[in-house]
Amino acid sequence: MRLEWGAATDRGLVRTMNQDSMVANGKIFAVADGMGGHLGGEVASKIVVDFLTKLEGFAGKQGLFEAVKEANVAVFEHSLTTPELSGMGTTLTMLVPFEADDEFDRDLIEILSVGDSRAYLLHDLDLIQVTEDHTYVGELLRSGRISVQDASMHRAKHVLTRAVGVEPDIEVDLWEIQPYAGDVILLCSDGLTNELVEPQIRKTLIEHTDPQLAAQELVSMAKKSGGSDNITVIVVRVVEASPVAPVEGATAGRGIDSVAPLDRKGASPNEARSKTPLSRITISTNTKRTATTAIPTPIPRREVQRTSLALKILRTTLFLLAVTVVAGVVAGVVDIYAKNSYYVGSSGKYVAIYQGRKGGVLWFDPKLVKVTSVAVASVNQARQVELSSGVVEPSLAAANLFISNLMSEVKSQKQFQSSPTTVGSG
Ligand code: MG
């Protein structure tokens, strides 16, 4: 099998960063559209793409599934150990070419998909959507509960029901394409399909036979249509493929134990095209959930906001805690400072001892400890001035000593009326 390819990615016109990741190297082609907050989406899509790119190869379909299963665990475990990445995930749509060998009797292209990044096949000038969107609306649409018209207007249009990395289990769709020379396969993130309609995509793929030019043109068209999301496009052209007559019926699940062909009511327009060699299987690590008509629980893209809300609460709590600690220390210091200070002043007509500082320290008001029998009027003028501003003493004992001295002064004043400056200090 010989392939030519081109790829382009763009942040778009609205988003501040590009959370899409991609790889196109001939062995693997993949588009991953990350979800999950400021950084989460970018991290998740990059982990998955890097993980898959580093692998030597894939041991058939089961190998593909095993690889994505491991990539899923890698993202999930990373999100558990890094709180700000909690809830991150990514879509994944990948294409892997398999040459005819022991497992495959002819060249085959396998497409694995989780989420709402799509794969299209341009075959004989028909554009066929290969993958199904794993969105809440997509599930409702396929189960016949809403119309195509409703779906395009639906509020929950972008709520994913499957993604890589958000749960320990993963469920993937695997599509098999029998390639013919001239076939073109397009892998893209929803930034393309939300802006362009299928006829535009088809026309562009037909007009631009150079895959790189086609990819660039599609990205630029999506930007012109609004570019409201990151846009990633990979165009793979089949130049040559082993010429073998199409096999009757689907070759579903060879070598895979847990194959669960989707039980669907009537074929989709895609499957109705009998000439298109396309078959699908769904593989899940969750044995409880096989493919049925049950609509899985949506994985809200809003998950992220909840995470950042939790983060904000955590940050606020830590901040408040820090403030509380600082305030506690300040309170302690003030308390110690205030409680270990005494001053001698007056209470009414008498000299008194207070605990604290005159006028108070912050919220700590001075406390009256003792009112003495010494009348303020009985002490000399200089002492009265001192008392009115408060005579600070380092301890209650020191304050008591000051009072004793004051009493001696008063006594000596009475004895020697003429000598107001005599100090009875000894
Ligand atoms: Mg997107």
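Just so we're clear, the structure is a prediction, and the values are computed from it rather than from any experiment. Each ligand, and each atom within it, is numbered from 1 in the order the structure gives.
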Do S117 and T91 pair up side chain to side chain, a donor and an acceptor below 3.5 Å, judged on atom types alone? yes

Just distance, no hydrogens or angles: give the donor-acceptor pairs under 3.5 Å from side chains in residues 352-362, sequence neighbours left out.
from: Y354; atom 1: OH; to: S346; atom 2: O; distance (Å): 3.0
from: Q355; atom 1: NE2; to: K339; atom 2: O; distance (Å): 3.0
from: Q355; atom 1: NE2; to: Y342; atom 2: OH; distance (Å): 3.3
from: R357; atom 1: NE; to: Y337; atom 2: OH; distance (Å): 3.4
from: R357; atom 1: NE; to: S341; atom 2: OG; distance (Å): 3.1
from: R357; atom 1: NH2; to: S341; atom 2: OG; distance (Å): 3.3

With the Mg ion (ligand 1) at the apex, how many degrees lie between OD2 of D33 and OD1 of D190, rounded to 10 degrees? 90°

Identify each donor-acceptor pair in which a side-chain atom of residues 230-238 lies under 3.5 Å from a protein atom, sequence neighbours left out, and give them as a table.
from: N230; atom 1: OD1; to: Q19; atom 2: N; distance (Å): 2.8
from: N230; atom 1: ND2; to: R11; atom 2: O; distance (Å): 2.9
from: N230; atom 1: ND2; to: M17; atom 2: O; distance (Å): 2.9
from: T232; atom 1: OG1; to: T9; atom 2: OG1; distance (Å): 2.7
from: T232; atom 1: OG1; to: D20; atom 2: OD2; distance (Å): 2.8
from: R237; atom 1: NE; to: T209; atom 2: O; distance (Å): 2.8
from: R237; atom 1: NH2; to: T209; atom 2: O; distance (Å): 3.3

Correct closest heavy-atom pair for M94 and L64 would be CE-CD2, 3.7 Å

Would you name the N/O/S atom of D229 that lies closest to the Mg ion (ligand 1)? OD2

Give a yes or no on whether D20 keeps an N, O or S atom under 2.8 Å from the Mg ion (ligand 1). no

